[in-house]
Amino acid sequence: MPSHHPSEEMLMDYAAGSLAEAPALLVATHLALCPECRHRVSAFEALGGVLLEELSPAPLGAEALDAVLARLDDPAALEPPPRTPRATVTAAPATPPRPAPLLPEPLRSYAGGDPDTIAWRRVIGGIEEHVLPVARTDFKACLYRIAPGVVVPRHTHGRSEMLLVLEGAVRDRGMRFGRGDVSFADGGIDHSPAAEPERPCICLAVLDGPLRLTGPIGRWLNRFVKL
Amino acid sequence: MSDTRSDEGRAPNDLLLAVARGGDRAAFSALFRHFAPRLKAYLTRLGAEGALADELVQEVMLTVWRRAGDFDPAQASAATWIFTIARNRRIDGLRREARPEIDPSDPALVPGAPEAADRAIETSQDTARLHAAIAGLPGEQSELLRLAYYEDQPHSAIAERTGLPLGTVKSRLRLALGRLRRTLVDE
């Protein structure tokens, strides 16, 4: 079970529906790996239900109910399909049983597959990325694959960086982040996370605002690298 | 509600289960009369105006009708379940974004402990306690809770809007959540 979780505020914003798509993708992927946080989100949804009950009713047009009743059996008024492609839900085990995918949903659909089947782009030595499609351009969501032992150059952030580790582990600011763990770096934090030496690390990163490298070499690299 | 039909007095959970079991139109109409005006208030506060709010309410209630079979009273109250449908509809309809969610049948999902059989009773008691707990919160705390749910804004934007420092918004919400949690855990 993960030991570093999204903040309580972030879980609440996810339950309330006010979190933008990119951070919501990170929270939902953490939820797939963390039953404890799923429970917390359910409690925040229950709060949403109670607050809905307490709203002062706003009258609808007199014909609203009749209009809905007339549409109940209307086959043309089917629901819009969900915007995220859903993985097939067939639960029948293949023979021989295949191992569970590395990336849980909803992340796997956003990435278009597991890390061994998707395309990676080299960023700098030892770091590759796979950019994920999200609606808003003020956020960036991507997968990073960091080679064993590689240290990400020291950097700060325009606003914030969230990482969710999916394979391997990252050491940052004296802490260890393994599968399912969330690391949050605020705008002012100057840090340089490192992949553990045993194996590559794959993580989901959500960046809010541009990233700036701050070490002497990093400042020079800023001109060439778009992280 | 001045309607005196017998369905109007039934609890929303029972009405929703009646819809799920047999496509009970009278039960659905009672659910509509109870929830549609609240859904309209919710969607209006989130920026849906006039005819658009009415249209979104109708779509939410149609989804309630079609998916009633998925409702599980052991997991959530009717109000909570309908809230999540309205929330997803407005993210899609008002913000034009996808709503990333887990897939409960995903083989990569880490399963939780199985729910206890008496969970449905707990859920309804939780709901009653939550109502009481919210009513007992200081005004400044309950107002922030409402902003968090009825304004399409994360915490940082609420801080900007209310002119309160972000730390104050977070600490007031933490106080509110702490009180709500004690209500649910300790009683």
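The sequence lines fix the lettering, A, B, ..., with proteins before strands; numbering per chain opens at 1.
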Side-chain ion pair, [X] and [Y], N-O less than 4.0 Å:
X: B/D106; Y: A/R108; value: yes
X: B/D14; Y: B/R21; value: no
X: A/E167; Y: A/R145; value: no
X: B/R99; Y: B/D92; value: no
X: A/E128; Y: A/R121; value: no

Based on non-hydrogen pairs under 4.5 Å, which of [options] is most in contact with chain A?
options: B/R95, B/R146, B/R174, B/R87; value: B/R87
options: B/I134, B/I91, B/T84; value: B/I134
options: B/R45, B/M61, B/K170; value: B/K170

Between [options], which has the largest tally of heavy atom pairs under 4.5 Å with chain B?
options: A/A20, A/A15, A/G48, A/G61; value: A/G48
options: A/A46, A/P23, A/S42; value: A/A46
options: A/S56, A/G17, A/C34, A/S7; value: A/G17
options: A/A67, A/A135, A/A64, A/G180; value: A/A64
options: A/L25, A/L31, A/L60, A/V68; value: A/L60

Are a donor atom and an acceptor atom from the side chains of [X] and [Y] found within less than 3.5 Å of each other?
X: A/E54; Y: B/H131; answer: yes
X: A/E105; Y: A/Y110; answer: no
X: B/S77; Y: B/T80; answer: yes

Which atoms of [X] approach chain A - backbone, side chain, both or neither, heavy atom under 4.5 Å:
X: B/L145; result: both
X: B/A76; result: neither
X: B/P12; result: side chain
X: B/Y149; result: both
X: B/V169; result: neither

What part of [X] gets within 4.5 angstrom of chain B, counting heavy atoms only: side chain, backbone, both, or neither?
X: A/M1; value: side chain
X: A/L103; value: backbone
X: A/E45; value: both
X: A/P59; value: backbone

message: One pair to check against side-chain contact (heavy atoms from CB on, under 4.5 Å): B/R89 and B/L56. What are the steps and the verdict?
response: CA-CA 8 Å; B/R89 190 68 199 88; B/L56 288 174; 4.1 Å; yes
query: Passes salt bridge (charged side-chain N to carboxylate O under 4.0 Å, His left out), B/R25 versus A/D73? Steps please.
result: CA-CA 11 Å; B/R25 283 169 190 254; A/D73 301 316; 2.3 Å; yes
query: Can you check salt bridge (charged side-chain N to carboxylate O under 4.0 Å, His left out) on B/R90 and B/E97, steps first, answer last?
result: CA-CA 9 Å; B/R90 66 104 174 163; B/E97 285 195 323; over 6 Å; no
